[in-house]
Number of protein chains: 2
Amino acid sequence: MSGFNVGTRLKQLRQSRDLSQRELAKRAGVTNSTISLIEQNSVSPSVSSLKKILDALPVSISEFFAGEELANEQVFYRADELTEIGDGNLSWRLVGARRPNRSMSLLYEHYPPGADTGEDMLEHAGEEGGVVVAGSIEISVNGDTQVLHQGDAYYFDSRLPHRFRNVGDEECVIVSANTPPSFAEGGATQHH
Amino acid sequence: MSGFNVGTRLKQLRQSRDLSQRELAKRAGVTNSTISLIEQNSVSPSVSSLKKILDALPVSISEFFAGEELANEQVFYRADELTEIGDGNLSWRLVGARRPNRSMSLLYEHYPPGADTGEDMLEHAGEEGGVVVAGSIEISVNGDTQVLHQGDAYYFDSRLPHRFRNVGDEECVIVSANTPPSFAEGGATQHH
DNA sequence: CATCCTTGTTGAACATCCTTGACAGTATGA
DNA sequence: TCATACTGTCAAGGATGTTCAACAAGGATG
């Protein structure tokens with residue numbers, strides 16, 4: 001069952017946009033037969049063909065493939081069920097399992113006064129964003145440093161070097177989300 | 001530039017896991033030649049082959065393709081900069097632009113007492129999760145109904161029918177994240 | 001040094017994907 | 001009714017992806 005139903009997914013997307021196989025094919029630069037065969041799962045398209053087709057919808061490839069699996073998973077998490085991944089310095093509570101087959105990870109972060117994410121700037125794949133729920137925090141992204149207060153928010157590409165530090169004198173609470181899940185790997189070297 | 005560098009990306013992933021082409025090929029059930037050719041971008045693999053290979057890493061296909069574009073985007077958002085998308089009934093504040101080329105959307109949600117997401121159950125592609133920051137909320141997912149309080153959290157596949165309702169007598173505040181971005185499409189019909 | 005193992009690459013054969021061009025089914029209108 | 005235009009499907013062959021088997025380069029061992 002490695003196949004994943006590419007055909008059905010494509011058909012849904014095409015029909016939701018009210019396109020005929022021929023119309024989509026024309027925009028994508030392939031033939032209608034290609035679309036037909038793929039939709040019937042008669043062939044497993046090459047990535048290049050699929051990309052051409054998705055570009056014409058338009059739908060990103062990652063979007064196309066997002067949202068497989070995941071069912072019969074835990075939905076609700078009581079406050080004391082969140083997995084603690086703090087290191088004494090600061091407290092991060094992860095919503096859900098540590099190696100979830102999920103497209104993002106959700107964190108409930110608590111920074112005591114003076115806490116930070118370490119000396120080095122963090123850089124990793126994915127995107128992250130969050131909302132400051134209480135207190136204030138100093139965030140540096142790609143050389144730009146700002147202090148955010150309650151109700152403020154941030155969002156950036158995690159490949160940009162970044163760092164968090166609580167420069168206030170009260171605890172800072174942030175709810176944040178990262179994609180792809182940063183805490184998926186076993187290693188503890190990579191924070192945030 | 002429709003190609004996207006599949007080969008380089010695969011090579012990075014393989015090497016980061018300290019696998020040889022032959023070892024990965026063996027686990028994936030393909031030949032080392034296939035890996036070699038793909039990594040050199042000499043061919044654009046079929047989806048089925050690529051999936052076999054990624055399964056062996058393991059890396060999800062969507063993860064593999066995630067993280068293009070996005071740079072020079074706004075990073076920090078002051079509380080009053082969040083785009084309001086409430087409908088009088090409840091207040092949702094979106095972190096970032098309305099049609100971002102992003103892998104998730106981040107929301108600062110405020111449910112007054114009695115507010116809900118409407119009569120019908122919501123169902124859409126993607127995943128969503130959140131943390132209750134203040135107050136309490138009743139959430140139904142796939143027939144399972146729970147009341148979450150401050151510090152509690154949730155995470156589920158958005159294709160499962162779901163609904164939110166504030167059954168308490170104080171405002172409920174939630175920070176939530178959705179993927180893929182739910183508010184990407186222009187239509188206002190689809191909530192959450 | 002030779003030997004052995006591993007690495008990644010490549011040509012020829014084979015398997016699969018993709019296009020060409022035709023076909024049947026349905027709907028609209030003259 | 002006939003014509004036209006649209007829909008999706010399919011067989012045959014050309015184009016592309018994949019395998020098999022051989023090869024060269026590098027490291028380790030003796």
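Basis for what follows: all heavy atoms, side chains included, without hydrogens, waters or symmetry-related copies. Order of the sequence lines fixes the chain letters, A, B, ..., with proteins taken first and strands second; residue numbering starts at 1 for each chain. Note that the structure is a prediction, hence the values are computed from the model and not measured.
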Using atom NZ of B:Lys26 as one end and atom C1' of C:dT7 as the other, report the distance to the nearest whole Å.
16 Å
Rounded to whole Å, the CD-P distance (A:Glu23 to D:dA5) equals 16 Å
Judged by modelled atom types alone, do A:Gln21 and A:Glu39 share a side-chain donor-acceptor pair under 3.5 Å?
yes
A cation-pi test, strictly: NZ or CZ of B:Arg9 under 6.0 Å from the centre of the six-membered ring of B:Phe64 and no more than 45 degrees from its axis. Yes or no?
yes
Could you identify the nucleotide paired to C:dT28, looking across every strand shown and requiring Watson-Crick or G-U wobble geometry with both distances under 3.5 Å?
D:dA3
Does A:Thr117 reach the main-chain N or O of A:Phe164 with its side chain, forming a donor-acceptor pair under 3.5 Å?
yes
Which whole-number value in Å describes the distance from A:Arg22 CZ to D:dG8 P?
8 Å
Under 4.0 Å between a side-chain N or O of A:Gln40 and OP1 or OP2 of D:dC10?
yes
Along nucleotides 14-20 of chain C, 5' to 3', which nucleotides get a B, which get an S, and which get a -, given that the test is a protein heavy-atom distance under 4.0 Å?
---SSBB
Which base sits across from D:dG30 as a Watson-Crick or G-U pair, both distances under 3.5 Å?
C:dC1
Test item: A:Glu23 side-chain N/O and A:Leu19 main-chain N/O as donor-acceptor pair under 3.5 Å:
no
A:Asn32 side chain to A:Ala25 backbone, donor-acceptor under 3.5 Å:
no
C:dT7, OP1 or OP2 - any side-chain N/O from B:Gln21 closer than 4.0 Å?
no
Pairing donors with acceptors under 3.5 angstrom, does anything connect the side chains of A:Ser49 and A:Ser46?
yes
In whole angstrom, give the distance that lies between atom CD of A:Glu39 and atom C1' of D:dC10.
15 Å
Using whole Å, what does the distance between atom C1' of nucleotide C:dT7 and atom CG of B:Leu24 come to?
14 Å
Please give, in whole Å, the distance from D:dT16 P to B:Asn41 CG?
16 Å
